[in-house]
Amino acid sequence: MRLSRREMLMAAGAAAIGDTVGAHAENRRGDENVLWYRQPARRWLEALPVGNGRLGAMVFGGVPQERIQLNEGTLWAGGPHDYTHPDAAAALPEIRRLVFAGEWHEAQDLAGQRLMGQPVRQMPYQTVGSLLVNFEDAGTPADYRRDLDLDSAVATTTFTAGGVRYRREVFASAPDQVIVIRITADKPGSVSFSTQFQSPQHSTSRASHHDALTLTGMSGSSQGIDGAVRFTAIAKVVNQGGTSGFDSSGVYRVRDAEAVTILVSMATSYKNYENVSGDPEEAASRHIDAAAAKSYDQLRRAHADDHRKMYRRVWLKLASGDPASDAEFARKPTDERIIAYKNGRDPGLAALHFQFGRYLLIACSRPGGQPATLQGLWNDSLTPPWDSKYTVNINTEMNYWPAGPANLLECYAPLFEMIRELSVAGRRTAKEQYGARGWVCHHNTDGWRGCAPVDGPFWGMWPSGGAWLCKSMWDHYEFSLDRAELARNYPAMKGAAEFFLDALVEEPTHRWLVTCPSISPENAHHPGVSICAGPTMDMQILRDLFDAVAKASEALGLDSELRGRVRAARERLAPMQIGKAGQLQEWMEDWDEIAPERNHRHVSHLYGLHPSSQITRRGTPALFAAARKSLEMRGDMATGWSLGWKTNLWARLEDGDRAHKLHTDLLTPERTAPNLFDLHPPFQIDGNFGATSGIAEMLLQSHARELHVLPALPSAWPNGSVKGLRARGGFVVDIDWADGAARKVTVESHAGGVCKLRLGEKAASFDAKRGGKYTFGPDLRIDGR
Ligand code: FUC
């Protein structure tokens, strides 16, 4: 590793290291983008996440021992596997008959025997282990601080011990594909430690030819399928001054150094869901050698520049009418702010929570990597909750809700890659289990792109997961108008539609086309049974899918015959219906009031209100009122992600105070960990992304073919500004508001075309030029072009 001039000066003890930014003084915008703490993390949910889309780490900031818990996004237990249950299709006619006859228990039992995947559970995403750094003679620390700067994506720990000021910085670099740990002190020769890997995997640690520690192992077996993913982690220590090397007992030690950089590289043999023949040692070595040829400053600058290209697209400032109170909250450490948040009286914390969701998406979902799992990229276990995989009956989709509005469209890339893979893997499931063309994916998938129903029929007998995933492809197009990306994704969308054209059945009473068997995700309509025909959510999802395929085929000039067929099928789907209580019915029958779990966390039938736009205030007022009634009937109390969804739903209902109340319920210690990770509980990252999307929906909506500015501004945020939100139609919007009303709105058009702008009951349209930027005052008059 070459040393830069500044590093050499530092190594000579010539440069003092500042408390917060110090030698790396940067254009920071104050603490509003920083999570910080006065003590080290005692448990995983206090540690701070860094990630580059493939490599993830949780930083504990301990004084005698630093623990860096490590993840590599492709380390899945088991190996390539197709869960399809062959010949399941033969049982379908009888199951359908039983469902239409109202013999749900019999239908559900038969589905359990004949339709479930083999095996009936999928495989978990797993941890690599941890790198431990043990410091000698650390003494009692003073002036301790640990923080995560969302703007530079660097986790920093500083403290004074034995008269020496120590500083550690940790980041996960996307340009250099390594995790970088930098340890410095303000007195020469003060950095001494030993380091080692620790892993719950079957693995071995050894000294390697890189003068480094190398951990190699194999992912665990699961569901009777042997672990087949080989992995390598390399930690290379580069010290300035002092001595370093393996001691006689094989421990790597650094003594009396001025400064040390530890580079951590990880790779696995996973190439894709069918192929695990990669060479992890080669890949991990390649990245470590390339990074070791650069100075710490170079690595850090390249990392921060790369991260900021995405992060700095959006800035958010939220303020109450009481600047002194806002400032007092802002001075508190993040964990104390979460405890104090009860009444939602800290708008700065809501803004930090919004930006943290954006930070997490950048850190865990980058082109070339895997999509965000239930825990994003961060998991310290071999057997995490729900296997830390992809639950596609809400959770995976929710992870990507902020990608459009919060201006991070490229974060969709791994999700789209997964959907394209599912569109291949799910063909066999469609054929064998339904005798249908196209492809299908049920309520879960994993690293092996499982598509068959799993976990038992009550939860798994739901054929619409793949169709819902396809909505994100159409969302991407609506936000970006990027036809090339649409063309890449269209075959998967088309295949999903083809499946339903074959697999929908006519229901006997109205001759509507419906899914059967299906469920309204995870909710029983009668005690113990969820199996049914044509639940409202399926019909809404299919209306969106057929619509998207018709519009996409038109935009791409393809498949006019198919377009006609999906449009015709769309007209015959069971309609949304309003029940006796004035609610939007969750099922084809009016069962909402007799269903056993009235407060069930899933609000599936409200998909039509959000994320879909089939229910709008001005377009479908009766359904809009019914959706509100359904949400009232469900009540507010829920798990983390459900609160996140309800925040979005209340925002779409244009009730800012209620949306704010739901977000406040989410941002309390019961639902948010000290490190701001969402708690179902346990930790599930979807609530973070749901919250970020929900706040965006409170400030700007664009689903009803207009840019609706401040549609659901809560009274708790009378003043504020947001810069860089994206809207459908290729627009980017900045808003300044004061005393609860917009003062200035700027609309930038990336694609040109008519733009309709709404502010409360006032609306105005104008022709936007491609690249044009337009500013409006509160009266919606253009201030200049
Ligand atoms: C669905 C939800 C659970 C949990 C799990 C990962 O099954 O019903 O609440 O979020 O996914």
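Both counts, for ligands and for their atoms, begin at 1 and track the order of listing. On a predicted model such as this, the values are computed, not experimentally measured, just so you know. Position 1 is the first residue of the sequence, and the numbers go up from there. Just the heavy atoms: all of them, side chains too, but no hydrogens, waters or symmetry mates, feed the values below.
Using a 4.0 Å cut-off between charged side-chain N and carboxylate O, Glu397 and Lys471 make no salt bridge. Using a cutoff of 4.0 Å between basic side-chain nitrogens and carboxylate oxygens, Asp678 and Arg671 are not scored as salt-bridged.
The protein non-hydrogen atom at the shortest distance from atom 7 (O) of ligand 1 is Glu522 OE2, 2.5 Å.
Residue-ligand proximity: Asn395 is placed with a non-hydrogen atom under 4.0 Å from ligand 1.
Under the 3.5 Å distance criterion, with hydrogens and angles disregarded, no donor-acceptor pair is assigned to the side chains of Glu586 and Ser604.
Ligand 1 places these atoms under 4.0 Å from at least one heavy atom of Leu374: 6 (C). Ligand-side atoms of ligand 1 in range of Arg601: 2 (C), 3 (C), 8 (O), 9 (O), range being under 4.0 angstrom from any heavy atom.
Side-chain N or O atoms of Glu46 include one that pairs as donor or acceptor with a backbone N or O of Arg42 at under 3.5 Å. Although no hydrogens or angles enter the test, the distance criterion places a donor-acceptor pair under 3.5 Å between the side chain of Thr692 and the main chain of Asn688.
Proximity of Gln684 to ligand 1, defined as any heavy-atom pair under 4.0 Å, is confined to the side chain (atoms from C-beta onward). With a heavy-atom cut-off of 4.0 Å, Trp459 does not touch ligand 1 at all.
Considering Asp446, Thr445, Thr373, Asn444 as possible partners of Lys389, the one that fulfils the side-chain hydrogen bond (donor to acceptor under 3.5 Å, both in side chains) test is Asn444.
Closest to atom 2 (C) of ligand 1 by heavy atom, among His680, Lys389, His602, is His602.
Considering backbone and side-chain atoms alike, Trp641 places an N or O below 3.5 Å from some N or O of ligand 1.
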